[in-house]
Amino acid sequence: MAKGKRQQGGTGTPATVAAAKAKIEYGLHPYEVDPDAESYGEAAADALGIAHDRIFKTLLAEVDGRLTVGVVPVSASLDLKALASAAGGKKAQMADPQDAERATGYVVGGISPLGQRKRLPTVIDESVSALETVYVSAGRRGLQIELAPADLVRLTGARLAAIARR
């Protein structure tokens with residue numbers, strides 16, 4: 001994985017711009033999007049030939065009425081009760097997709113935890129710590145960014161907690 005460079009010619013996303021600005025090492029991995037896929041994350045993993053536990057999906061929930069980001073492996077689902085607890089709340093429910101798009105600046109299926117329009121509380125599943133690198137959406141369908149878990153945590157200001165349900 002080489003140190004990433006800011007994309008020129010309008011091909012960058014807020015996520016890739018944030019990574020380049022932070023001067024971290026990252027890799028970009030484009031892939032062909034399957035419009036009929038039931039799971040964007042699993043389809044991305046399959047298209048890239050990556051294990052499903054190395055690609056993490058970015059999900060938005062409302063914790064006590066406040067939008068919160070949960071980042072979990074595509075091989076798992078988000079445990080809403082665990083997310084609420086990790087975020088210091090009592091109750092969580094999945095956010096309305098339009099609210100998620102409005103708050104992050106990304107479209108569903110391409111929401112990145114990096115470079116979001118509004119800085120939201122973020123919790124990443126602790127399983128990320130066992131990985132050398134992790135893949136997350138680079139801000140659009142058909143593009144993943146690979147980076148070190150520590151960089152992902154630092155750039156998002158996230159906390160780590162057991163929020164994935166297998």
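Below, each value reflects all heavy atoms present in this structure, side chains not excepted, and no hydrogens, waters or symmetry copies. The model shown is predicted, which means the values in this text are computed figures rather than measured ones. All residue numbers refer to positions in the sequence shown, counting from 1.
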Problem - Residues Leu83, Val63; criterion side-chain contact (heavy atoms from CB on, under 4.5 Å); working and verdict - result: CA-CA 8 Å; Leu83 177 67; Val63 175; 4.3 Å; yes
Problem - Asp125 side chain to Ala164 backbone, donor-acceptor under 3.5 Å - result: yes
Fill in the blank from the handout: Tightest non-hydrogen contact, residues Pro73 and Ser127, listed as CG-OG, 3.7 Å
Exercise for the section: For atom CZ of Arg66, decide whether the heavy atoms of other residues, nucleotides or ligands shown that lie under 6.0 angstrom number more than 12. Expected result: no
Problem - Val69 reachable from Ile124 in the ILVMFWY side-chain graph, under 4.5 Å edges - result: yes
Handout entry: Verify same cluster id: Leu28, Tyr135 (apolar side-chain graph, 4.5 Å)
Key = no
Problem - Co-membership, hydrophobic cluster, residues Leu80 and Val71, 4.5 Å side-chain - result: no
Exercise for the section: Output the distance between atom OG (Ser77) and atom CZ (Arg166), rounded to the nearest 0.5 Å. Expected result: 9.5 Å
Handout entry: Expected output: side-chain Thr68 to main-chain Pro121 donor-acceptor under 3.5 Å
Key = no
Handout entry: Nearest atoms (heavy-atom pairs only) where Pro149 meets Val128
Key = CG-O, 3.3 Å
Problem - Backbone of Lys91 reached by a side-chain donor or acceptor of Asp64 within 3.5 Å - result: yes
Handout entry: Cluster check Leu160, Val72: I/L/V/M/F/W/Y, side chain < 4.5 angstrom
Key = no
Exercise for the section: Could you tell me whether the side chain of Glu101 and the main chain of Val108 form a donor-acceptor pair under 3.5 Å? Expected result: yes
Handout entry: Ile111 with Val136, same ILVMFWY side-chain cluster at under 4.5 Å
Key = yes
Fill in the blank from the handout: Between Asp79 and Ala82 the two heavy atoms that sit nearest each other are OD1-N, 3.0 Å
Exercise for the section: Kindly say whether Leu152 contributes a backbone atom to a donor-acceptor pair with the side chain of Thr156 at under 3.5 angstrom? Expected result: yes
Completion exercise
Output for pair (Glu25 CD, Glu146 CD), nearest 0.5 Å, gives 10.5 Å
Problem - Met94 side chain near Leu59 side chain, heavy-atom distance below 4.5 Å - result: yes
Handout entry: Arg117 (side chain) donor-acceptor with Arg102 (main chain) under 3.5 angstrom
Key = yes
Exercise for the section: Could you tell me whether the side chain of Thr104 and the main chain of Gln116 form a donor-acceptor pair under 3.5 Å? Expected result: no
Practice task
First locate atom CZ of Arg165, then atom NZ of Lys81, and finally report the distance between them rounded to the nearest 0.5 Å.
Solution key: 10.5 Å
Problem - side-chain contact (heavy atoms from CB on, under 4.5 Å) between Ser112 and Gln144, worked out - result: CA-CA 9 Å; Ser112 178; Gln144 292 283 311; over 6 Å; no
Handout entry: Ile55 to Gly41 - nearest heavy-atom pair and separation
Key = CG2-O, 4.3 Å
Problem - CG on Leu114 to OG1 on Thr13, rounded to 0.5 Å - result: 8.5 Å
Problem - Minimum heavy-atom distance between Leu78 and Gly70, given as atom pair plus value - result: CD1-CA, 4.4 Å
Exercise for the section: Just do the side-chain contact (heavy atoms from CB on, under 4.5 Å) check on Glu62 and Leu67 with the steps written out, would you? Expected result: CA-CA 4 Å; Glu62 284 187 26; Leu67 283 178; 3.9 Å; yes
Fill in the blank from the handout: So the side chain to side chain donor-acceptor pair (under 3.5 Å) pairs with at least one residue in residues 43-52 (sequence neighbours excluded) are Asp46-His52
Problem - Tyr31 versus Tyr40, closest heavy-atom pair with distance - result: OH-O, 4.5 Å
Exercise for the section: Ignoring hydrogens and angles, tell me if any N or O in the side chain of Tyr106 forms a donor-acceptor pair with the backbone of Ala15 under 3.5 Å. Expected result: yes
Practice task
Check whether the side chains of Arg54 and Thr133 place a donor and an acceptor atom closer than 3.5 Å, and report yes or no.
Solution key: yes
Exercise for the section: Output, in order, the C-alpha distance, side-chain angles, deciding distance and verdict of side-chain contact (heavy atoms from CB on, under 4.5 Å) for Phe56 and Val74. Expected result: CA-CA 5 Å; Phe56 279 51; Val74 299; over 6 Å; no
Practice task
Keeping the roles fixed (side chain from Thr122, backbone from Ala158), state whether a donor-acceptor pair exists under 3.5 Å.
Solution key: no
Exercise for the section: Check whether any side-chain N or O of Arg159 sits under 3.5 Å from a backbone N or O of Ala87 as a donor-acceptor pair, and report yes or no. Expected result: no
Completion exercise
CD1 of Ile145 to CG of Asp151, rounded to nearest 0.5 Å, is 9.5 Å
Practice task
Supply the atom-to-atom distance Leu60 CG to Asp96 CG, rounded to the nearest 0.5 angstrom.
Solution key: 11.0 Å
